[in-house]
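This one's a predicted model, so the numbers in the text were calculated from it and none came from an experiment. The chains referred to below are lettered A, B, ... by the order of the sequence lines, with proteins before strands, and numbering in each begins at 1.
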Amino acid sequence: MTLRLTNTLTKQTELFSPIKPKQVSIYCCGVTVYDLCHLGHARSYIAWDVLRRYFIWQGYKVNFVQNFTDIDDKIIAKAQQEGCEASEISERNIKEFHYDMDALGIIRPNRMPKATRCLHGIISMIKTLESKGSAYSVDGDVYFSVMKYADYGKLSRRELTDQLLNASGRITSQEKAQKDHPFDFALWKKAKENESSFDSPWGQGRPGWHIECSAMVLEELGETIDIHLGGADLIFPHHENEIAQSESATGKHLANFWLHNGMVNVGGQKMSKSLGNFTTIRDLLKEGISAMTLRLFVLQAHYRKPLDFTKTSLEAASKGWAGLNKALCLGLLNHEELGWPQTSNSTKITESDSRSELFSDYYQLFLDALEDDLNTSVALSVLFNLARPLRVIAKELEYGELDLISKSDKKELFERWKLLIKLSRVLGLQPEIFSKTSSQNNSNLQDSDIQEAINERNAAKLAKNYAKADKIRSQLREEGIELIDKPGGHTDWIKN
RNA sequence: GGCGGCAUGGCCAAGCGGUAAGGCAGAGGAUUGCAAAUCCUUUAUCCCCAGUUCGAAUCUGGGUGCCGCCUCCA
């Protein structure tokens, strides 16, 4: 295999080779659980889900760890606002996080440690850093000394002296006074009054933001891991600081590969909580945007590039998915007519049996695309090309022209469909079977009412009373019911 | 001020030196009483200028515009 990934550390697209053969250790920076996740989070975790599915597909044993930051200023602020414990806020949002990620079809990480449950490892690492002279404490706060780490800035490629101090305007004057160097950062923060806090050798307090990841990587995966993941906005300072801490503490490289995903933009600007221009995953799902549409939307762009979120682009993805889904559903809904074996809608990703001789060129294109730094745009184009003839069949089935398809064609089509299903699964795209009488029926009409209206319209059509027929049709349309006339006088309907 | 990214058809988006994937929209066609839905066909020389090369969207230099990061951030 020849997987190539763009490594932020070297700025090169490098051949990936794991520390242990056929095994890969991955750490992914998770969310701070103070609120619902938005589309930006979805993009990040969908991209990394595809990376993980690729490894599983290729027979790797993947150990994927992703943290929950369950204690921080915003969680504390929200708890005070709601008059509850910080843990209530974080536990609630962890549940919400799982709900959204499960809905998006993201495979759950093998382990999801919480910062507040890793205090032992965190404190022990801070002590190590203190003993090595990389950290110092000031009145209950502990800081990491950036000048003690020679390679500081190697990930984000910046010279501290060239940086605008306090560009974000978020540093307090107290902090400034305590620090030896302006870029020193907190490992442990002294608790303010009435704040959730934990015991430590430095008094009551809580861990700084960066240290939890360093401690968790060490505890869960070891000193050096294969891949470290996160959003591009974490490169500096978060990942830079993580490297400084971990490498100062262990003397080893933290991660061989650093991968960063690009941001989701809105009107050219980054989607973020602080700008208030975000759309939550929950809202999108509630609006009826399907999880697979969101996956397709995200995967149509390369993971490292910015992706602009607009209503139009989402609609385009939705329609694109509808077409792909039609092909994917073919073998599940119409296997009897086609004489195909019944296939379960399994979600399993396996390498075995997915290399069909008939369509090895598609297979190869797809594999090459993913191995080229996760080029999901090209991978998707393979899927669409694979799906096209299947969509034709779906249409012919609808019109009862099945006898036009020869037996050998049916067999070949089955191979094509099987490959499509399997490759789609690597991208996490699962067929979504909708019944027209879905529970989300928001119109007041019963199925029987609709059928009655259709009968009435068909009678009008036979009498060539088209004005009446069209009136019935437009009335139904206002209720969100779209009529589909089929040959032979039969009329089907779908709900928009 | 420093570091980094991006600029491809109406919109989104691949492309990594050999003459532009894919999705959406549009147009034409099949089908239809007309529609809708569906399927088929079809639409670009790649921000500007200068260079390297037999050949550049792709490399080099110079512009222009947009965005991200510089201690909340996926």
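Taking side-chain N and O atoms only, A:Asn166 has no distance below 4.0 Å to OP1 or OP2 of B:rC70. Look at A:Arg158 and you won't find any side-chain N or O under 4.0 angstrom from OP1 or OP2 of B:rC70. Between A:Lys395 and the phosphate of B:rU31, there is no side-chain N or O to OP1/OP2 separation shorter than 4.0 Å.
Judged by distance alone, with hydrogens and angles left aside, the side-chain atoms of A:Asp184 form no donor-acceptor pair with the main-chain N or O of A:Lys179 at under 3.5 Å.
In the interface, the side chain of A:Arg473 is paired with the base of B:rA35 through a donor and an acceptor atom under 3.5 Å apart. For A:Lys270 and B:rC67, a side-chain-to-base donor-acceptor distance below 3.5 Å is absent, hydrogens and geometry of angles not being considered.
Base contact: A:Gly262 has a heavy atom under 4.0 Å from a base atom. Across all strands, A:Asp35 comes closer than 4.0 Å to no nucleic acid atom at all (heavy-atom distances).
Side chains of A:Leu476 and A:Arg473 form no contact here, defined as non-hydrogen atoms less than 4.5 Å apart. Residues A:Leu420 and A:Leu330 have side chains not in contact (no heavy-atom distance under 4.5 Å, counting atoms from C-beta outward). With contacts defined as side-chain heavy-atom distances shorter than 4.5 Å, the pair A:Leu332/A:Trp417 qualifies.
In this structure, CG of A:Asn261 is placed 12 Å from C1' of B:rC73, rounded to the nearest angstrom.
Map A:Ala394 and A:His210 each onto its nearest nucleotide of RNA chain B; the residue landing nearer the 5' end is A:Ala394.
A stacked arrangement is not assigned to A:Phe384 and the six-membered base ring of B:rG23, the conditions of a centre distance below 5.5 Å and an interplanar angle below 30° not being jointly met.
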